[in-house]
Amino acid sequence: MTTTTSTTATGRRGWRQHRKGTVVRCGIGLEDFIGGDLLKLDLGRWLSDVEEHKALAIYSPHEGGYEGRYLNRLRYQGYQFLDLTARGLGDPETTLTKVHPVCPAHIGKQPIARWYFPPEVDYRLSLLPPNAKGLVVWIIEAKVLSKAELQFLALLPSLRPKVRVVAECGNWRKFMWKPLKEISGLTANEGA
């Protein structure tokens with residue numbers, strides 16, 4: 001947007017001054033006025049990037065709510081979801097792909113117990129209906145994970161082909177995403 005304005009101001013002695021040629025340039029698009037989330041111009045690119053990269057790092061606005069639109073679009077495509085928080089996840093490799101022990105908190109004089117749970121991803125894959133397209137592991141608060149844990153999540157779709165990974169790695173002014181391999185420091189040929 002380029003505008004040229006002419007301003008008139010009255011000086012100390014009553015005569016008028018003219019300024020011409022003030023140019024204002026803005027990088028504003030239509031989605032800034034209407035709301036980019038209402039236009040949904042990028043949902044097709046979202047679906048193709050989920051299929052192409054198989055593991056994405058997303059950045060959503062602080063006020064929240066935007067990620068639900070993208071989650072619903074994947075749900076409409078036939079994906080099932082496993083929602084996890086990174087803060088209580090522990091070691092992602094052990095929790096998601098191996099039989100792992102869980103020690104529940106004991107209160108007072110109760111005996112200390114250890115329970116063993118099946119791998120979360122394998123268990124959920126076994127429960128998928130036959131018409132499901134796959135399983136999306138959606139991890140919130142993934143910004144607390146280390147590089148090694150993010151690298152495992154980036155490689156998880158190559159270990160389990162029907163799995164897609166979406167990790168919420170931070171916040172940004174608008175909803176955006178990048179391949180998780182790029183965020184975690186893996187190159188394209190290391191992930192293949």
Side-chain angles (χ1 to χ4, degrees), residues 36-38 40 42-105 115-184 186 191:
D37 60 319
L38 296 176
K40 297 182 182 178
D42 59 351
L43 284 175
R45 190 168 55 94
W46 162 255
L47 294 173
S48 65
D49 282 351
V50 167
E51 289 299 320
E52 179 186 348
H53 299 293
K54 296 178 177 54
L56 295 177
I58 63 171
Y59 300 89
S60 59
H62 288 281
E63 60 267 14
Y66 294 87
E67 56 272 0
R69 293 180 176 95
Y70 296 89
L71 183 141
N72 282 338
R73 185 53 62 123
L74 288 174
R75 184 172 285 139
Y76 296 152
Q77 293 295 317
Y79 284 101
Q80 301 289 319
F81 285 86
L82 172 60
D83 296 321
L84 299 170
T85 178
R87 294 196 188 266
L89 187 59
D91 179 29
E93 182 179 5
T94 304
T95 305
L96 298 176
T97 61
K98 298 178 182 174
V99 174
H100 57 282
V102 175
C103 298
W115 299 332
Y116 289 90
F117 287 109
E120 291 289 334
V121 170
D122 295 334
Y123 179 69
R124 295 295 178 104
L125 284 174
S126 69
L127 296 177
L128 282 180
N131 60 350
K133 198 168 183 182
L135 178 70
V136 175
V137 178
W138 193 288
I139 300 178
I140 63 172
E141 299 176 330
K143 58 188 168 193
V144 302
L145 295 176
S146 68
K147 281 264 196 222
E149 292 169 336
L150 288 174
Q151 288 174 354
F152 170 74
L153 291 175
L155 293 175
L156 182 61
S158 62
L159 300 173
R160 307 289 191 276
K162 290 192 80 168
V163 173
R164 305 291 180 260
V165 176
V166 177
E168 295 183 18
C169 290
N171 298 101
W172 196 247
R173 293 177 303 190
K174 63 179 187 173
F175 191 88
M176 63 173 285
W177 61 88
K178 292 181 179 180
L180 195 55
K181 289 180 183 176
E182 180 182 318
I183 299 299
S184 64
L186 291 175

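Numbering starts at 1 and runs along the sequence shown.
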Subject >> Verdict with supporting geometry, Q80 and R124, side chain to side chain contact (heavy atoms under 4.5 Å, CB included) >> reply: CA-CA 9 Å; Q80 301 289 319; R124 295 295 178 104; over 6 Å; no

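- Exactly one residue among V166, L155, V165 makes a side-chain contact (heavy atoms from CB on, under 4.5 Å) with L180. That residue is V165.
- When all heavy atoms of A57 and I183 are compared, the pair lying nearest together is CB-CG1, 3.7 Å.
- Separation of atoms CD1 (I58) and CG (D49) is listed at 13.0 Å; rounding is to 0.5 Å.
- From S48, atom OG reaches atom NE2 of H53 across 8.0 Å, with rounding to the nearest 0.5 Å.
- Summarising the geometry of V50 relative to R164, their closest heavy-atom pair is O-CD, 3.7 Å, with the distance given to 0.1 Å.
- Ring-plane geometry between W115 and F117 is classed as perpendicular, the angle between the planes exceeding 60 degrees on a 0 to 90 degree scale with a lower cut at 30.
- The two residues H100 and T95 make their nearest non-hydrogen contact at CE1-O, 3.5 Å.
- Of all heavy-atom pairs between A142 and A86, the closest is CA-CB, 3.9 Å.
- Between the side chain of S126 and the backbone N or O of Y123, at least one donor-acceptor pair lies under 3.5 Å.
- Once rounded to the nearest 0.5 Å, the distance linking NZ of K98 with CG of D91 reads 7.5 Å.
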Subject >> Verdict with supporting geometry, L159 and F152, side chain to side chain contact (heavy atoms under 4.5 Å, CB included) >> reply: CA-CA 10 Å; L159 300 173; F152 170 74; 3.8 Å; yes

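- Scored by the side-chain hydrogen bond (donor to acceptor under 3.5 Å, both in side chains) test, W46 finds no partners at all (sequence neighbours excluded).
- Taking 4.5 Å as the limit, every side-chain heavy atom of Y70 sits out of range of all side-chain heavy atoms of L56.
- With sequence neighbours left out, E63 forms a side-chain hydrogen bond (donor to acceptor under 3.5 Å, both in side chains) with Y66.
- At a threshold of 4.5 Å between non-hydrogen side-chain atoms, the residues F175 and R69 do not count as touching.
- The side-chain heavy atoms of N171 and P61, taken from C-beta on, include no pair separated by under 4.5 Å.
- In this structure, E51 CD and K133 NZ are separated by 4.5 Å, a value rounded to the nearest 0.5 Å.
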Original post:
Hey, mind stepping through L47 and Y76 against side chain to side chain contact (heavy atoms under 4.5 Å, CB included) and telling me if it holds?
Top reply: CA-CA 11 Å; L47 294 173; Y76 296 152; over 6 Å; no

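- When the shell of 6.0 Å around NZ of K178 is examined, it contains 12 or fewer heavy atoms from other residues, nucleotides or ligands.
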Original post:
Does the side chain to side chain contact (heavy atoms under 4.5 Å, CB included) test come out yes or no for L96 and L84, once each step is laid out?
Top reply: CA-CA 10 Å; L96 298 176; L84 299 170; 3.6 Å; yes

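- The closest donor-acceptor contact from the side chain of Q151 to the backbone of S184 lies under 3.5 Å.
- Taking CG of L89 as the reference point, atom CD of E120 lies at 9.0 Å (rounded to 0.5 Å).
- A donor-acceptor pair under 3.5 Å is formed between the side chain of E149 and the backbone N or O of S146.
- Expressed to the nearest 0.5 Å, how far OG1 of T85 lies from CD of E168 amounts to 9.0 Å.
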